[in-house]
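Working notes for the structure below.
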Amino acid sequence: MKRKILIAVLVGLCVFSASGQKRKSQPAPFNRSNDKNNAFLHKQWWIGLKGGVNLSNPIVENSFAVITPTNYDGTLIGKEYKTFAPLGGQVALECAFYFRGFSISVQPGYHQMGVIYGNRFNWSDPEQSSMQVDLSFKHSHRMEYLSVPVVLKYEFPLNRFSPYVQAGAYLNTLLNATKEVTQSGIDESAGGPNHFESEPISVGATDLFARHHYGIVGGAGVYFTPGNVRLNLDIQYRWALTLLNSPSNRYDNDRLVGVGDAMDDLTLNNLVISAGVMFPLRFLSNGFKSTVNTK
């Protein structure tokens, strides 16, 4: 009797062990990379870094000046802005949640950009036209921001490449700003042309700019997925909806007013080009593809 019981127990253990081994050898359902309907393959958290360059395009809303000419048209001393200049830079941390082609992305980072414009003044003796002085000024601004864009992307998966379009909004918070003014000209008051260039005037200009400004974002890009990471080329154009400058502080800097400068009311659009790398936060093994299998 005891022998029959022992045999029954041993048989039962063997059956249980075999059943357990069989279940263990089967991969978990969510790890089947060929199951396109599996929710795991259609949603993913990504985190990464990106950086690149940007170019600024200032848009003048209202123009202001300290000096008003009396013997020639005032438009001749108007500011001439450089478009898509100077070259700036940015670096950002990107965190994104992907679900079935759509992703919401938050990209806080450091953003440096600038504005450059020039203007000219002319003084002459009304009785002796040859006695005159021409002055040219170049104004260079550099601004540093904490920039926080939030964008919605939609991808078009093409095997390892996934082009996308994007739209969203951004908020820039001013960290620091500087301004440099270079003066040059021709002085003919001594009977002959005398070319000169003064030492640049460099000042802190944080008070000249608004503490915050915001706008909307549009653009496109592409992901390349060699494995469980994604390489990214991203192009954004940012349209500002609020003024870049601070109107209430327009004339506060005596050194700038002394050279005839007052900032215009302007917005600043920005072309931003970045490259980066993204890492998945949800993956199972080196052989597991963290994006949807498009084959």
Taking every non-hydrogen atom, the tightest pair across Pro58 and Lys82: CD-O, 3.6 Å
State plainly whether one hydrophobic cluster holds both Trp239 and Leu271, where clusters connect Ile, Leu, Val, Met, Phe, Trp and Tyr through side-chain heavy atoms under 4.5 angstrom apart. yes
Would Phe137 and Asp261 count as a side-chain contact (heavy atoms from CB on, under 4.5 Å) if you check the C-alpha gap in whole Å, the side-chain angles of each, and the deciding distance to 0.1 Å? CA-CA 9 Å; Phe137 293 89; Asp261 181 60; over 6 Å; no
Among Ile235, Leu152, Asp234, whose side-chain contact (heavy atoms from CB on, under 4.5 Å) with Gln166 holds? Asp234
Test side-chain contact (heavy atoms from CB on, under 4.5 Å) on Glu180 and Thr178 and set out the steps. CA-CA 7 Å; Glu180 182 178 278; Thr178 59; over 6 Å; no
Indicate the atoms forming the closest heavy-atom contact of Ser274 with Lys50, along with that distance. CB-CD, 4.0 Å
Would the distance check show the side chain of Ser105 and the main-chain N or O of Ala96 forming a donor-acceptor pair, the cut-off being under 3.5 Å? no
Does the Arg160 side chain pair with the main chain of Pro226, one donor and one acceptor, at a distance under 3.5 Å? yes
If the plane angle is over 60° it's perpendicular, under 30° parallel, otherwise tilted; pick one for Phe99 and Phe97. parallel
Strictly distance-based, threshold 3.5 Å: is any side-chain N or O of Asn54 a donor or acceptor partner for the main-chain N or O of Gln112? yes
One should read off an interatomic distance between Leu281 CG and Gln44 CD, to the nearest 0.5 angstrom, of 7.0 Å
If you take all heavy atoms of Phe64 and Asp265, which pair is closest and at what distance? CE1-OD2, 3.6 Å
So how far is it from Asn253 CG to Met263 CE, rounded to the nearest 0.5 Å? 11.5 Å
Going hydrophobic residue to hydrophobic residue with side-chain gaps under 4.5 angstrom, can you get from Phe84 over to Val217? no
Would Ile59 end up clustered with Phe209 when hydrophobic side chains under 4.5 Å apart are linked, directly or stepwise? no
Are the aromatic rings of Tyr117 and His139 close, with centres under 6.0 Å apart? yes
Is Val151 linked to Phe102 within one hydrophobic cluster, defined over Ile, Leu, Val, Met, Phe, Trp and Tyr using a side-chain heavy-atom separation of less than 4.5 Å? no
Quick one: closest heavy-atom pair of Asp207 and Asn249, and the distance? O-ND2, 2.8 Å
Derivation and outcome, side-chain contact (heavy atoms from CB on, under 4.5 Å), residues Ser147 and Gln90: CA-CA 9 Å; Ser147 181; Gln90 72 281 337; over 6 Å; no
Tell me whether Asn270 contacts the main-chain N or O of Tyr237 through its side chain, where contact means a donor paired with an acceptor under 3.5 Å. no
Given Tyr164, which partner from the list Tyr154, Tyr98, Phe156, Tyr223 fulfils the ring pair (Phe, Tyr, Trp, His ring centres under 6.0 Å) test? Tyr223
Determine whether a donor-acceptor pair (N or O, by modelled atom type, separation under 3.5 Å) exists between the side chain of Arg211 and the backbone of Leu174. yes
Taking side chain as C-beta onward, heavy atoms only, is Leu87 less than 4.5 Å from Leu55? yes
Residue pair Leu241, Thr267: steps toward the side-chain contact (heavy atoms from CB on, under 4.5 Å) verdict: CA-CA 7 Å; Leu241 299 180; Thr267 58; over 6 Å; no
Short side-chain to backbone donor-acceptor contact, Asn245 and Leu266, under 3.5 Å: yes
Does Arg230 come within less than 4.0 Å of Glu155, counting only side-chain N to carboxylate O? yes
In terms of heavy-atom contacts, Leu268 and Tyr170 come closest through O-OH, 4.3 Å
Could you tell me whether the side chain of Glu94 and the main chain of Val277 form a donor-acceptor pair under 3.5 Å? no
Nearest heavy-atom approach of Met143 to Ala177 is CG-CB, 4.1 Å
Please check if Val272 and Val148 belong to a single hydrophobic cluster, counting links between Ile, Leu, Val, Met, Phe, Trp and Tyr side chain heavy atoms closer than 4.5 Å. no
Please say which of Thr173, Asn172, Leu171 ends up in a side-chain contact (heavy atoms from CB on, under 4.5 Å) with Tyr214. Leu171
